[in-house]
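Quick notes on the structure that follows.
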Number of protein chains: 2
Amino acid sequence: MIPSKPRYQQVKDFIVEQISTGALRPSDRVPSENQLVVSMSVSRMTANRALRELTSEGYVERVAGRGTFVSDYRSRSHLLEVHNIADEIELRGHQHSTRVVRQSRQQARGEIAKALHVKQGTDIFHLLLVHYENGKPIQVEDRHILASFAPECLQQDFEQVTPSAYLTGVAPLQEAEQAVRASIPNRAVRRHLQMSDDEASLIVIRRTWSDGIPVTFARLHHPGSRYELTGHYAPPGTSRTMSTDVVQLENLRQ
Amino acid sequence: MIPSKPRYQQVKDFIVEQISTGALRPSDRVPSENQLVVSMSVSRMTANRALRELTSEGYVERVAGRGTFVSDYRSRSHLLEVHNIADEIELRGHQHSTRVVRQSRQQARGEIAKALHVKQGTDIFHLLLVHYENGKPIQVEDRHILASFAPECLQQDFEQVTPSAYLTGVAPLQEAEQAVRASIPNRAVRRHLQMSDDEASLIVIRRTWSDGIPVTFARLHHPGSRYELTGHYAPPGTSRTMSTDVVQLENLRQ
DNA sequence: CCAGTGAAGTTGTATATACAGGCTAGACCA
DNA sequence: TGGTCTAGCCTGTATATACAACTTCACTGG
């Protein structure tokens with residue numbers, strides 16, 4: 001016997017089902033907690049939990065005193081996940097390796113100083129690493145780290161421990177900001193990634209904070225022809241396998 | 001008098017505070033529900049709600065029978081939001097306009113047929129639109145739509161209503177898959193976006209499902225020098241303003 | 001006719017209670 | 001010594017109850 005789903009989950013499924021089939025459309029009213037108490041024979045707390053979770057998942061919006069309404073799909077954000085490159089490669093079951101190109105002490109200048117909120121000339125460490133997936137270069141990591149945050153940085157072996165693993169070990173990193181751009185990389189990056197002259201590069205720019213101050217600033221360059229960020233939005237319970245489709249999408253070229 | 005926060009929120013804040021200051025490190029044990037009942041004078045259900053929400057927010061992991069533990073920051077996904085271009089432009093307070101380049105009936109071929117799960121020769125509509133922000137081209141939308149899904153497609157005026165608004169009006173779209181790539185666009189796209197020959201393009205490829213079948217497939221090309229996807233991860237309660245910093249980051253050029 | 005009042009319905013929160021089920025350490029027995 | 005079993009702690013779920021605050025709408029008195 002398969003264990004039955006929790007009752008709050010049954011209530012959630014019921015509502016999502018209505019939305020999926022179109023029986024409930026955006027801005028339509030969703031049954032109130034008390035109506036669910038009667039129609040689904042649950043306690044009000046259980047109905048409340050179901051609707052509250054659907055709210056945080058973006059399916060519905062609730063207004064105290066008025067009711068619960070189906071939220072508009074258009075206003076729902078589509079999300080892309082940005083993983084640590086080492087974890088991502090391991091997740092694919094591939095072999096990850098790193099080569100350290102540069103690991104030096106520098107003084108912050110210009111834009112780096114601005115990004116890290118420090119004066120020109122402040123001590124920083126500069127890392128230039130190349131990450132490989134099954135031997136093929138997949139990312140150039142160009143990272144600057146506040147020297148006062150991680151004084152032992154030059155002694156680390158970043159071919160064994162990735163910078164992000166090292167940094168989170170020094171102190172918890174709470175906040176991050178990132179941007180994704182496309183551009184033609186300079187010659188050095190092209191060489192490290194074995195890219196041709198007319199190939200574009202996908203760049204993730206990430207700044208990370210610890211305890212309210214920005215401590216590291218990284219530019220992650222990927223070869224445009226071999227790397228993409230992917231995301232998938234689906235309501236819970238939609239168990240359709242998408243993996244084969246993703247492969248098809250991979251093969252598309254514009 | 002400022003209305004005090006709900007008690008479950010106070011409990012959440014207390015735990016997040018401990019994690020932020022480093023008093024609790026990844027894999028450390030978090031006070032159990034019963035301990036919180038005593039130390040914070042709340043009911044067990046309130047402590048349960050606090051820890052349950054922290055679980056869904058990725059702060060902690062819970063194991064029935066063992067306890068609650070701080071989750072590892074490294075395994076937490078960083079997220080990028082991908083908005084509808086019209087909403088995004090309006091959000092910036094800018095003026096959005098659209099030009100329809102092509103709006104025709106076609107027969108699905110090759111990769112498009114594969115992406116939409118239909119046989120070669122199936123009726124589809126093809127849209128080629130250019131979106132402008134304050135008069136400057138910011139996106140080329142190259143979209144294919146299953147004809148059987150939206151038969152009225154050729155009668156629509158897509159300079160007034162965006163395709164995504166129209167499509168969600170036809171039927172709810174429940175599922176989406178997307179990928180972000182960088183590449184050098186072809187001549188037509190370059191011309192529409194007024195891009196120079198050596199400029200890269202950021203491409204969002206998106207497929208959307210309605211009722212279990214893929215109904216539309218779009219390639220959204222953006223000029224690499226004028227567009228980026230951004231994301232920001234911060235624990236709730238971190239109210240630091242990041243807007244000025246984002247501007248600094250905008251000005252960085254690799 | 002209009003303004004004010006209040007009833008009814010809604011969400012939001014908080015608690016006490018109960019039972020089921022997972023995990024672990026230590027007691028206990030062979 | 002080694003295996004087994006149970007007590008105790010933990011999370012997960014479910015309910016009944018209670019009160020607060022908000023919205024809408026109908027009614028009522030001026």
Side-chain angles (χ1 to χ4, degrees), chain A residues 1-16 18-19 24-72 75 236-237, chain B residues 1-16 18-19 24-72 75 236-237:
Chain A
M1 177 59 186
I2 300 168
S4 62
K5 286 186 182 178
R7 312 201 61 179
Y8 76 88
Q9 189 61 52
Q10 294 176 25
V11 176
K12 287 176 68 176
D13 290 347
F14 172 72
I15 305 290
V16 170
Q18 307 267 87
I19 296 174
L24 285 175
R25 305 293 221 81
S27 84
D28 276 0
R29 181 168 206 158
V30 172
S32 75
E33 297 181 358
N34 282 319
Q35 287 173 331
L36 290 170
V37 166
V38 175
S39 68
M40 301 202 65
S41 302
V42 296
S43 73
R44 203 197 129 208
M45 282 306 296
T46 300
N48 176 270
R49 174 170 176 180
L51 292 179
R52 182 152 38 81
E53 292 191 1
L54 288 178
T55 303
S56 77
E57 290 164 17
Y59 283 99
V60 300
E61 292 166 21
R62 316 195 76 194
V63 184
R66 298 213 322 126
T68 304
F69 305 88
V70 178
S71 65
D72 194 334
S75 67
Chain B
M1 179 56 188
I2 300 168
S4 63
K5 286 186 182 177
R7 311 202 63 179
Y8 75 88
Q9 188 60 53
Q10 295 176 26
V11 176
K12 288 176 68 176
D13 290 346
F14 172 72
I15 305 290
V16 169
Q18 306 266 88
I19 295 174
L24 284 175
R25 304 295 220 82
S27 86
D28 277 359
R29 182 168 207 160
V30 172
S32 75
E33 296 181 358
N34 281 321
Q35 288 172 331
L36 291 170
V37 166
V38 175
S39 68
M40 301 203 65
S41 302
V42 295
S43 73
R44 200 194 133 212
M45 282 306 295
T46 300
N48 176 271
R49 174 172 176 179
L51 292 178
R52 182 151 39 81
E53 292 191 1
L54 289 178
T55 303
S56 76
E57 290 164 18
Y59 284 99
V60 301
E61 291 166 22
R62 317 194 74 193
V63 184
R66 298 213 321 125
T68 304
F69 305 88
V70 178
S71 64
D72 194 334
S75 67

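Here the structure is a predicted model, which means the values were calculated and not measured. Residue numbers begin at 1 in each chain, while the letters A, B, ... track the order of the sequences.
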Of Gly67(B) and Val42(A), the one whose nearest nucleotide on DNA chain D sits closer to the 5' end is Gly67(B)
Hey, which of these two, Asn34(B) or Arg52(B), hits DNA chain D nearer its 5' end, going by closest nucleotide?
Asn34(B)
Rounded interatomic separation in angstrom, taking [atom1] from [X] and [atom2] from [N]:
{"X": "Arg62(B)", "N": "dC10(D)", "atom1": "CZ", "atom2": "C1'", "result": "9 Å"}
{"X": "Met45(A)", "N": "dC19(D)", "atom1": "CE", "atom2": "P", "result": "16 Å"}
{"X": "Arg44(B)", "N": "dT15(D)", "atom1": "CZ", "atom2": "P", "result": "16 Å"}
{"X": "Phe69(A)", "N": "dT10(C)", "atom1": "CZ", "atom2": "P", "result": "10 Å"}
{"X": "Gln35(B)", "N": "dT11(D)", "atom1": "CD", "atom2": "P", "result": "8 Å"}
{"X": "Leu36(A)", "N": "dT11(C)", "atom1": "CG", "atom2": "C1'", "result": "13 Å"}
{"X": "Glu33(A)", "N": "dC22(D)", "atom1": "CD", "atom2": "P", "result": "17 Å"}
{"X": "Asn48(B)", "N": "dA14(C)", "atom1": "CG", "atom2": "C1'", "result": "13 Å"}

Does the side chain of Ser32(B) get closer than 4.0 angstrom to OP1 or OP2 of dC10(D) through an N or O atom?
yes
Does this structure show an ion pair linking Arg52(A) with Glu53(B), if we count only N-O contacts that are shorter than 4.0 Å?
yes
